[in-house]
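We count ligands from 1, going down the list as the structure has it; atoms in each ligand are counted the same way.
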Amino acid sequence: MGHLPRLKKSFGQHLLLASGILERIVEYAELTSEDMIVEIGPGTGNLTVQILKKNPQKVFLLEADPEMVAYLENRFSEEIKEKRLIVYLADAKCFDYEVISAKEFKILGNLPYNQASLIVERVIFFFTKVPLAIFMVQKEVAERWQSRESWLSFFIQTFFDIEYLMTVPPRFFFPRPKVHSAVIKLKRKQKKEMIAPLEDYKNFLIRLFTQKRKALKHKMGEEILQKANIPPQTRAEELTLEKVWELYQLWQKNN
Ligand code: SAH
């Protein structure tokens, strides 16, 4: 299998060693032999092995560390690579998922903690292709995404329901991280009608949540707020998902 690459802090490399937990992550994804899978940050391929056991049609690995990519190329047989495994040296923060030759694919990944938000943000831009994702992230990050306190939590929850599946303590990793981890499921909501480029919606959310304690009337015209039936003193964090969406539709028409 070759030597284990030196584990690098800069890539957030904490390998998940417990096979019981790896198996559960794969169970949560309810894989079938029809499925196309993208795995983000496969590292040495421990999760990949469990995914392959379910015989999915194809597995695409996105790994940013060239040493890990070399290790993965070695770990899996020519036969598997010919039939169903493709390894990309890629940065998941800016990967073009259109490259994946499948209409839809599920995403799995034990994400590097310091980059999890940017990686998930990127995934959201391709929501029409992703019916389901299972991610491991820092526990606090999972909780923040589930709350409605940041532009990113609204961005994610506009398109996906987030379910907290389980907490994983540091002892199951090598090297041990300083924080607890959480496995979460993103399940795509009924298709949203998205007319404008998603970048536009993202910018709108950032605008709402910058200085989030400031009343909304300082951020957009009072007529728009009135049309949406929102009192001008309201703050972004007080809005429901539905209201934010409604406000966005009105905002878009006026801009
Ligand atoms: N899935 C493995 C390793 C998780 S550690 C396991 O559970 O054991 C996180 C992995 O993500 C590392 O392999 C790291 O090299 C990789 N990684 C870090 N930044 C990345 C990025 N921007 N894009 C893709 N992979 C990345």
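Heavy atoms from other residues, nucleotides or ligands lying under 6.0 Å from NZ of Lys187 number 12 at most. More than 12 heavy atoms of other residues, nucleotides or ligands sit less than 6.0 Å from atom CD of Glu238. Residue Lys185 places its NZ atom among more than 12 non-hydrogen atoms of other residues, nucleotides or ligands, all under 6.0 Å distant. At most 12 non-hydrogen atoms from other residues, nucleotides or ligands lie less than 6.0 angstrom from CZ of Arg24.
The single protein non-hydrogen atom nearest to atom 12 (C) of ligand 1 is Gln13 CG, 3.5 Å, given as residue, atom name and distance. Distance from atom 23 (N) of ligand 1 to its nearest protein heavy atom, with residue and atom name: Ala92 N, 2.9 Å. In terms of protein heavy-atom proximity, atom 18 (C) of ligand 1 is closest to Phe11 O, 3.2 Å. Looking only at protein heavy atoms, the nearest one to atom 2 (C) of ligand 1 is Pro42 O, 3.3 Å. Considering only non-hydrogen protein atoms, atom 15 (O) of ligand 1 sits nearest to Glu63 OE2, 2.5 Å. Of the protein's non-hydrogen atoms, Asn110 ND2, 2.7 Å is the one closest to atom 7 (O) of ligand 1.
Which parts of ligand 1 touch Asp65 is read off a 4.0 Å heavy-atom cut-off, strictly below it: atoms 15 (O). Every atom of ligand 1 with a heavy atom of Leu16 under 4.0 Å away is listed here by number and element: 6 (C), 7 (O), 8 (O). Counting the atoms of ligand 1 from 1 in the order shown, those under 4.0 Å from a heavy atom of Leu62 are 24 (C), 25 (N). Residue Ala90 approaches ligand 1 through these ligand atoms, each under 4.0 Å from one of its heavy atoms: 23 (N), 24 (C). Ligand 1 places these atoms under 4.0 Å from at least one heavy atom of Asp91: 21 (C), 22 (N), 23 (N). Under a 4.0 Å criterion applied to the non-hydrogen atoms of Lys93, ligand 1 contributes the atoms 22 (N). Shown in contact with Leu15 at under 4.0 Å from a heavy atom are these atoms of ligand 1, numbered in order with element: 3 (C), 8 (O). Close approach of ligand 1 to His14 (heavy-atom distance below 4.0 Å) involves ligand atoms 4 (C), 5 (S).
With respect to the salt-bridge test (charged N to carboxylate O, under 4.0 angstrom), the residues Lys93 and Glu121 do not qualify. The pair Glu79-Arg84 does not count as a salt bridge, with every side-chain nitrogen at least 4.0 angstrom from each carboxylate oxygen.
Among Pro112, Ala18, Ser181, Pro5, the residue whose heavy atom lies closest to atom 17 (N) of ligand 1 is Pro112. Closest to atom 1 (N) of ligand 1 by heavy atom, among Gly41, Gly43, Ala64, Gly12, is Gly41.
Residues Phe125 and Phe127 place their aromatic rings such that the two centres sit no closer than 6.0 Å. In summary, the aromatic rings of Trp245 and Tyr201 are positioned with their centroids under 6.0 Å apart.
Closest of all the heavy-atom pairs between Gln157 and Arg148 is OE1-NE, 2.7 Å.
Contact annotation: the side chain of Phe60 approaches that of Lys58 to within less than 4.5 Å [non-hydrogen atoms, C-beta and beyond].
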